[in-house]
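Everything below concerns the one structure shown next.
Here the structure is a predicted model, which is why all the values come from computation and not from measurement. Residues: numbered from 1 along the sequence shown.
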Amino acid sequence: MSADNSEVLLPLRNLFNTVKCTRDRVRDGESNESSGMFSLSNFWETLNQAIKATSQEATKLSLIFSKPPVPSEEDCAKIAESVQKSVLALSTVYFWLPKSQGITLRKAIRDATADVFEGLVQLLDVILSSTLQSLSQEQLMSTGGVWAACDQFDQLPKDNRAAVLRVVTSHVSLVKDALEEMEQALTEAQDPFGDILEDGDDDEIVARGNQDTYWSESDRQLISQCQGLMKASGACLRKLSSAVKNNGKVDTEENIAQLDDLADAAKEISPSVDDLTLSLYPPVHRSAVEQNVCKLSCVLKKLLEITRWCHVCLEADVSWVEFLSGAVDHNLEKIQSLLLHSSP
């Protein structure tokens, strides 16, 4: 905006700073613990109303600054005050949600709420930096960004069981992707790093030698056994997902906290699988493979141990927990034997 409009737009600049501060407070702040009975259904009803109001205010804000002339000082102050009220109302409702309803649920709602405020920050930034000659593509995109951030609340998990289930199933997909990536690399005849070396110096590529660009037979045996541990990882997550879906409860704070423990343990698995996968690409450094195999085995055993004593593990589920625990031990033993006796 031009300097002539600086006084008129002062409320908008103040709003910009308020929304940024509110966004940061939501990202970093703690919830207000409920001193009495907390109704999750009432929370969601109020939260959805606040989201709808914020979306509507963002639309009004965008429309009033969609074409010249610049709104009057009074109109600018009114829209800024109206948007600020919706922002503060939304953040207040978010902070109603106590940790006792589930850390995983709270994180999902926290991230979504922060996304709404981030969208508003971007929209305000575009408006304040615009020449206001016409509705810009940037303003349209920023307004759409706020709408999209608000719309995602319809897809959010409504309790901690659903939130934990979403976390676990997302990691099932990530482990599956890692396995498919490795299987594809193994079946390809060309150098797995060929696309990286394609434009390199020929002498440099030759100098690398086969040991740097291709798997040896002993490498492939090691990878095959590591794939067994990675498949056990996927099986652990799939079985846990089913157990949480069928047996998960949010009727007590203890059960809610147990679900959070499962989510925290499940989150460690796909990064550990990724680390193992990366260490298996040529040149294979066996010390790195051994370190990553031990790490993955530990996080799997931890997840299974937590599952074993969680309310989602019924008597009928004990058998698969014990079977997968044995499978992890078996694969670890086989891999360590290969690492000890095979040579690059």
Are [X] and [Y] linked, directly or through other ILVMFWY residues, by side chains that come within less than 4.5 angstrom of each other?
X	Y	value
Leu186	Leu280	yes
Phe117	Leu88	no
Leu300	Leu332	yes
Leu128	Val126	no
Leu259	Val299	yes

Q: Can you spot which of Leu12, Ile64, Thr143 makes a side-chain contact (heavy atoms from CB on, under 4.5 Å) with Ile127?
A: Leu12

Output yes when a side-chain donor or acceptor of [X] lies under 3.5 Å from a complementary backbone atom of [Y], and no otherwise.
X	Y	result
Ser129	Asp125	yes
Asp260	Thr104	yes
Ser297	Val293	yes
Arg308	Cys313	no
Arg106	Phe95	no

Identify every side-chain donor-acceptor pair in residues 322-329 under 3.5 Å, counting partners at least two apart or on other chains, and give the distances.
unit_1, atom_1, unit_2, atom_2, d
Ser325, OG, Lys301, NZ, 2.7
Asp329, OD1, Lys301, NZ, 3.3
Asp329, OD2, Lys301, NZ, 3.1

Pair [X]-[Y], side-chain donor/acceptor within less than 3.5 Å:
X	Y	answer
Ser82	Glu57	yes
Asn246	Ser242	yes
Asp219	Ser216	yes
Thr59	Trp147	yes
Asp317	Asn247	yes
Asp115	Gln152	yes
Glu180	Gln184	no
Asp75	Ser72	yes

Do [X] and [Y] have side-chain heavy atoms sitting under 4.5 Å apart?
X	Y	value
Glu118	Arg27	yes
Ser55	Val146	no
Glu138	Gln122	no
Ser62	Gln139	yes
Val312	Asn255	no
His311	Glu254	no
Phe43	Gln101	no
Ser279	Val284	no

Over all atoms of both residues, closest heavy-atom pair of [X] and [Y]:
X	Y	answer
Ala185	Tyr281	CB-OH, 3.9 Å
Leu338	Leu222	CD1-CA, 3.9 Å
Val121	Lys20	CG2-CG, 3.6 Å
Ile335	Cys226	CD1-CA, 3.8 Å
Lys158	Leu156	NZ-O, 2.9 Å
Leu105	Pro157	CD1-O, 3.3 Å

Q.
Between Arg161 and Lys245, is the side chain to side chain contact (heavy atoms under 4.5 Å, CB included) condition met? List the steps.
A. CA-CA 8 Å; Arg161 184 193 71 89; Lys245 181 179 181 180; 4.2 Å; yes

Can you confirm whether [X] is buried at [atom1], in the sense that more than 12 heavy atoms of other residues, nucleotides or ligands lie under 6.0 Å from that atom?
X	atom1	answer
Glu253	CD	no
Lys334	NZ	no
Gln49	CD	yes

With rounding to the nearest 0.5 Å, note down the distance linking [atom1] in [X] to [atom2] in [Y].
X	Y	atom1	atom2	answer
Trp320	Arg238	CH2	CZ	11.5 Å
Ile103	Asn160	CD1	CG	8.0 Å
Leu61	Leu15	CG	CG	7.0 Å
Trp96	Leu40	CH2	CG	13.0 Å
Leu237	Lys176	CG	NZ	13.5 Å
Phe65	Cys76	CZ	SG	4.0 Å

Q. Please walk me through it: do Asn292 and Thr277 pass side chain to side chain contact (heavy atoms under 4.5 Å, CB included)?
A. CA-CA 9 Å; Asn292 289 321; Thr277 301; over 6 Å; no

(Q) Between Ser100 and Ile256, does the side chain to side chain contact (heavy atoms under 4.5 Å, CB included) criterion hold? Intermediate values first, please. (A) CA-CA 7 Å; Ser100 57; Ile256 290 172; over 6 Å; no

Side chains of residues 163-175: which donor-acceptor partners sit under 3.5 Å, not counting sequence neighbours?
unit_1, atom_1, unit_2, atom_2, d
Thr169, OG1, Leu165, O, 2.9
Thr169, OG1, Arg166, O, 3.1
Ser170, OG, Arg166, O, 3.4
Ser170, OG, Val167, O, 2.6
His171, ND1, Ser270, OG, 2.6

Q) Charged N to carboxylate O under 4.0 angstrom, Arg286 versus Glu290? A) no

Q.
Between Phe16 and Leu120, does the side chain to side chain contact (heavy atoms under 4.5 Å, CB included) criterion hold? Intermediate values first, please.
A. CA-CA 8 Å; Phe16 176 78; Leu120 278 170; over 6 Å; no

Q | Partner set under side-chain contact (heavy atoms from CB on, under 4.5 Å) for Ala89, not counting sequence neighbours | A | none

(Q) Between Lys302 and Glu268, does the salt bridge (Lys or Arg N to Asp or Glu O under 4.0 Å) criterion hold? Intermediate values first, please. (A) CA-CA 10 Å; Lys302 175 184 175 182; Glu268 296 183 53; 2.8 Å; yes

